[in-house]
Chemist: 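Let me give you the structure first, and then I'll get to my questions.
Model, not experiment: these values are computed from the prediction. Numbering of residues begins at 1 and proceeds along the displayed sequence.
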Amino acid sequence: MASGGPGLESLVDQIISVITNDGRNIVGTLRGFDQATNIILDESHERVYSTKEGVQQLVLGLYIIRGDNISVVGEVDEELDARLDLSKLRAHPLKPVIH
């Protein structure tokens with residue numbers, strides 16, 4: 001593992017949430033990253049938000065996200081996340097990031 005993004009070293013083997021430039025929210029276990037902040041997620045899924053129905057979780061499995069497509073990386077509080085009832089959660093989908 002290289003010294004990619006600041007602080008990513010402490011998140012290896014932790015569950016993280018990644019918001020991509022196109023507005024996707026991908027949650028998974030960080031397995032590695034490189035100097036370009038390309039990241040490898042294991043046991044990942046995409047959370048698709050809607051104002052009409054609950055959050056859909058699309059299984060992705062082992063997944064690589066290019067560093068230039070990452071907007072935000074955050075640590076997931078597993079205990080809090082487990083208590084969320086995603087079937088009742090409603091939200092507008094995120095809009096793409098404009099640079």
Side-chain angles (χ1 to χ4, degrees):
M1 236 172 319
S3 60
L8 285 179
E9 297 90 0
S10 65
L11 297 176
V12 173
D13 294 327
Q14 302 294 317
I15 297 177
I16 62 169
S17 176
V18 178
I19 306 297
T20 63
N21 291 339
D22 59 357
R24 297 170 66 199
N25 180 6
I26 301 172
V27 177
T29 304
L30 179 63
R31 293 297 182 207
F33 61 92
D34 65 11
Q35 68 277 3
T37 318
N38 298 312
I39 63 173
I40 301 169
L41 294 178
D42 195 11
E43 300 175 11
S44 66
H45 58 274
E46 179 179 358
R47 291 184 177 172
V48 180
Y49 294 88
S50 166
T51 57
K52 298 180 181 176
E53 55 188 50
V55 177
Q56 292 180 355
Q57 296 197 84
L58 307 175
V59 176
L60 302 173
L62 187 63
Y63 201 72
I64 298 173
I65 305 174
R66 287 179 47 112
D68 61 358
N69 192 34
I70 296 172
S71 290
V72 179
V73 174
E75 185 175 9
V76 172
D77 181 330
E78 294 180 56
E79 187 177 309
L80 179 62
D81 193 57
R83 292 194 314 244
L84 291 175
D85 184 354
L86 295 176
S87 68
K88 294 183 180 177
L89 186 64
R90 307 285 189 270
H92 288 279
L94 293 174
K95 294 181 180 178
V97 174
I98 300 173
H99 294 279

Chemist: Heavy atoms only: give me the nearest Thr37-Ile70 pair and the separation to one decimal.
Modeler: O-CD1, 3.4 Å

Chemist: Kindly work out whether a path of hydrophobic side-chain contacts (I/L/V/M/F/W/Y, heavy atoms less than 4.5 Å apart) joins Ile15 to Leu11.
Modeler: no

Chemist: Is there a donor-acceptor pair under 3.5 Å between the side chain of Arg24 and the backbone N or O of Asn21?
Modeler: no

Chemist: Distance from Phe33 atom CZ to Asn38 atom CG, nearest 0.5 Å?
Modeler: 11.5 Å

Chemist: In this structure, would Val73 and Leu94 fall into the same cluster of hydrophobic residues linked by side-chain contacts under 4.5 Å?
Modeler: no

Chemist: Is atom CZ of Arg66 surrounded by more than 12 heavy atoms (other residues, nucleotides or ligands) closer than 6.0 Å?
Modeler: no

Chemist: Check Arg47 against Gln57 and note the closest heavy-atom contact, atom names and distance.
Modeler: NE-OE1, 3.4 Å

Chemist: Are Ile64 and Leu62 linked, directly or through other ILVMFWY residues, by side chains that come within less than 4.5 angstrom of each other?
Modeler: yes

Chemist: Does Asn25 use its side chain to pair, donor to acceptor, with the backbone of Ile19 at less than 3.5 Å?
Modeler: no

Chemist: Rounded to the nearest 0.5 Å, how far does OG1 of Thr51 lie from NE2 of His92?
Modeler: 5.5 Å

Chemist: Considering non-hydrogen atoms only, spot the tightest contact between Val12 and Arg31 and give its length.
Modeler: CG1-O, 4.1 Å

Chemist: Do you know which of Asn69, Leu41, Leu30, Val72 makes side chain to side chain contact (heavy atoms under 4.5 Å, CB included) with Val18?
Modeler: Leu41

Chemist: Do Ile65 and Val76 belong together in a cluster built from hydrophobic side chains that touch within less than 4.5 Å?
Modeler: no

Chemist: Kindly indicate whether the side chain of His45, heavy atoms from C-beta on, has any atom under 4.5 Å from the side chain of Tyr63.
Modeler: no

Chemist: Does Val27 offer a backbone N or O that forms a donor-acceptor pair with the side chain of Ser44 under 3.5 Å?
Modeler: no

Chemist: Check Ser50 against Lys52 and note the closest heavy-atom contact, atom names and distance.
Modeler: OG-N, 3.0 Å

